[in-house]
Amino acid sequence: MKKDFQLKLAGLLLMTALLAFTCGKEGNDDGSNPGSTDAFKSAMLVNYADNLIVPAYTDLNNKLGALNSSVNAFLAAPSELTLAATREPFKAAYLSFQGVSVLYFGPASAQLLNNYINTFPTVPTRIEKGIETGTYNFNIPQNSDSIQGFPALDYLLYAPDAVNKFSGVGAAKRKKYVQDVLVRMKTLVENTLSQWNGPYHHTFIASLKTDVGSSIGSLVNQFAYEMDALKGPRIGWPFGKQSNGIVFADKCEGYYSGISAELAIANLSSLKNYYTGANGDGIADYLVLLKKQDLNNAVLAQFDLTLAALNAIPKPLSAAFVNNPALVEDAYKQVQKLLTLIKTDLASATAVQITYQDNDGD
Amino acid sequence: MTVIDQRSFYRPVSIAPLITFRITFGVLMLFSLLRFWWRGWITSLYVEPHFHFTYPGLEWVQPLGNVGMHLLFALLITSTVLIILGCFYRMAILFFFLAFTYVELIDASAYLNHYYFISLVAFIMVFLPANGAYALDVYWRITPRKPLVPAWTIDILRFQLAIVYVFAGLAKLNPDWLIHAEPMKTWLPAKSHLPIVGPWMYETWVAYLFSWFGTMYDLFIVFFLLNKKTRLIAYGFVLVFHLATALFFPGIGMFPYVMITSSLIFFSAAFHAKLLSFLPGVKLQATATHEGTAPVFARKKILSLGIALYVTLQLLIPLRFLLYPGHLFWTEQGYRFSWRVMLMEKSGAAYFTVKDKSGSQVYEVDNKKFLTPLQEKMMSTQPDMILQYAHHLAKSYQQTGLEDPQVYAEVYVSLNGDRSKPFVDSSVNLAAQKSTWKPIPWILPYKK
């Protein structure tokens, strides 16, 4: 009798284990959890989605619309005047992109948005070849040799003799290339925005985990990723950090328009905004909730120090690499400090793994 | 070392527990390997990396390339099916042990305690007559039916589980875990999404509860499993504990399920005989009724010696950390292969600079060009990997024409909720440092 009971119980327990195993696996992969109860995290993610992310993509979408109109006006009647009228819209749209750069997960990542519209530097020879032959494929992910997006526009619209190049009989191909670049940028951003206004909105605010692919996990990881990009491609690599001090100024983001420093500052300001959650709750407030006020203060202070150091560099950045290396060096060091805080202290405090890779651990 | 009681150690007992163990082990490994493949980890861990972190003396263990690795996993998966069926068992388990261990030795940054556990268990199983019943080997008369096996074949598995639990428990006896409830205090708020228990995850007392319960569980569960009177209740705790860890920390993967099924080994032969009787065609005797059927063992001395050696090593390896000065969690010298499971929260950021011989040429390293995200993450907090990577950098830069490269690392590490601090001496040329078993001099002392 007793043995039978033992056996039945054990069998039952094993079944439970198997059941839990299967259920556990199913619930594992998407970040959402319908039975979740964390009101703070919920509200924080709603704040991110509704007050920061959707407005940021909407802004970029609008700015791209304005850029598109001004560029089309220029292409219709190329002149110094119409070209000059594209300057502000270009700058505004590029700066606006910095406000969504950190959101490279979910819809943006599914469409490789950042990869397609802001991989820099460009390779002018490849762009020119594309224009000449009329054959170019914008659907291949860019490595470090972009032929589209903002970097391509930066090169084409800020060419020293742009009006000349876009005028006359031979300019048709060049005009078409610019229009194709713009159409693609608009499409990608529109798609991303519509996903954020659609089903992904729910996915994002319902994901209260912190693991790989969760909303909080993605945000913290992208903070680190953007800081890494600031340290490397945006400042460090063109400054010659990888190349024994040999400056590659033309590898800057927005080199031809000369707005590299503005872009970097906009990028970091936007990052700080996402960190604090602006007027609502953000990761900063989450740290306070976790009783990590000291760490939060340290991160905020380092954001300000880094922004100040970036602002102290005379513009354009490409010239400062050579003329004011000490100031660039200082900014670089501050960027590294902020990156360290995010990658180690912040990631640890929020129990987020800084890894863009899925794996087991123990 | 206690002298093994020959008589009780070799006394014949029913093979039933071994059969359950063989089948459940095979099934779990089959799932495990399929999951590993399906998640794309063969590629991301063993095909994509340009460089692998090796174990000292095992630098020659390198992956087999894309096709080779997938083929190896296909063979591993086949071997688990053979193990389940008891078909060419010895060859299958030997292959499984060798191939699985080979895979684990390719890259130290992929080290997991439960992979180590699986390697050890597979090694033990090579010597066990786990195909003595309910096996195709018996059905096809490749091997004679063995209703009885010597007791050590089951005791050694119990010993291995005891090692895992007790050392995992001992590892938790440290101030961070017990007094500060770290890393639980850090990890639990990340679990606030869980239904019902979610809101409690911010409560400090819950972190203490988890820490202390976990310690007590690990330290004592084996003894309650060994005792017939408490066994069933104890197994209930095994289930609750490991299912809870699976629920709270899905990142630990298969570990809870491995422990849940392995712990069945503590049950009696009668229990296993009945459990197995649910399977079709099982005829097993629960007790050793006929002394005459007791198997005869050759080379008892060699076997006893081998077991004694194994047991000694298992007891000593996790204690080797005592030979090193400094804070174990910080230096991690003697940390691996010691059953320190889910014991600390550690993250780091590592920046490397390569200079030429004279120091006039300076290059900062983009880690992404050399390492996968996982490798970079693991390297950033573990000194032996920092050194290996530095050597790899020196070699890579030398190949690009830099003369006698010097490599310097600026590393910051945050441990168990502390703020990040400098980890290694950034003025030391790591290219000139040798890999060593001795205390590593260039690790900066830990400061709370």
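Note that the structure is a prediction, hence the values are computed from the model and not measured. Protein chains get the first letters and strands the later ones, always in sequence-line order, with residue 1 at the start of each.
Within the model, atoms CG of A:Leu290 and OH of B:Tyr202 stand 6.5 Å from one another, a figure rounded to the nearest 0.5 Å. Distance NZ/A:Lys241 to CG/B:Asp366: 14.0 Å, rounded to 0.5 Å. Rounding to the nearest 0.5 angstrom, the gap separating the CD atom in A:Gln353 from the CG atom in B:Leu374 is 9.5 Å. To the nearest 0.5 Å, the span separating CD1 on A:Ile354 from NZ on B:Lys377 amounts to 9.5 Å. Distance check: A:Ser42 OG to B:His193 NE2 gives 12.5 Å after rounding to the nearest 0.5 Å.
The closest side-chain heavy-atom distance from B:Glu364 to A:Tyr332 is below 4.5 Å. Using a 4.5 Å heavy-atom threshold, the side chains of B:Glu410 and A:Gln336 count as touching.
Within a 6.0 Å sphere centred on CD1 of B:Ile233, other residues, nucleotides and ligands contribute 12 heavy atoms or fewer. Within 6.0 Å of NZ on A:Lys251 lie no more than 12 heavy atoms contributed by other residues, nucleotides or ligands. For B:Trp37, the CH2 atom is densely surrounded, since the number of other residues' heavy atoms within 6.0 Å is greater than 12. Under a cut-off of 6.0 angstrom, the local environment of CZ in B:Phe370 is crowded, with over 12 non-hydrogen atoms contributed by other residues, nucleotides or ligands. More than 12 heavy atoms of other residues, nucleotides or ligands shown are found within 6.0 angstrom of NZ on B:Lys421.
For A:Thr350, the part lying under 4.5 angstrom from a heavy atom of chain B is the backbone only. Only the side chain of B:Thr204 comes within contact range of chain A, judged by heavy atoms closer than 4.5 Å. With a 4.5 angstrom heavy-atom cutoff, A:Thr340 touches chain B via backbone and side-chain atoms both. In this structure, chain A has a heavy atom under 4.5 Å from the side chain of B:Lys369, while its backbone stays farther away. Only the backbone of B:Ser360 comes within contact range of chain A, judged by heavy atoms closer than 4.5 Å.
One finds a salt bridge joining A:Asp228 and B:Lys368 here, because a Lys/Arg side-chain nitrogen approaches an Asp/Glu carboxylate oxygen to under 4.0 Å.
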Full working for side-chain contact (heavy atoms from CB on, under 4.5 Å) between B:Lys185 and A:Lys291: CA-CA 11 Å; B:Lys185 225 187 258 175; A:Lys291 303 185 190 92; over 6 Å; no

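In terms of non-hydrogen atom pairs under 4.5 Å with chain A, the most contact-rich of B:Pro183, B:Gly417, B:Pro189 is B:Pro189. Looking only at heavy-atom pairs under 4.5 Å with chain A, the residue among B:Tyr351, B:Trp187, B:Tyr363 that has the most is B:Tyr351.
Judged by distance alone, with hydrogens and angles left aside, the side-chain atoms of A:Asn244 form a donor-acceptor pair with the main-chain N or O of B:Val362 at under 3.5 Å.
For the 3.5 Å distance criterion, the side chains of A:Thr344 and B:Ser347 fail to qualify, holding no donor opposite an acceptor. Using a 3.5 Å distance cut-off with no hydrogens or angles, the side chains of A:Asp345 and B:Ser420 do pair a donor with an acceptor.
Heavy-atom minimum distance, B:Arg419 versus A:Leu341: NH2-CD2, 3.5 Å.
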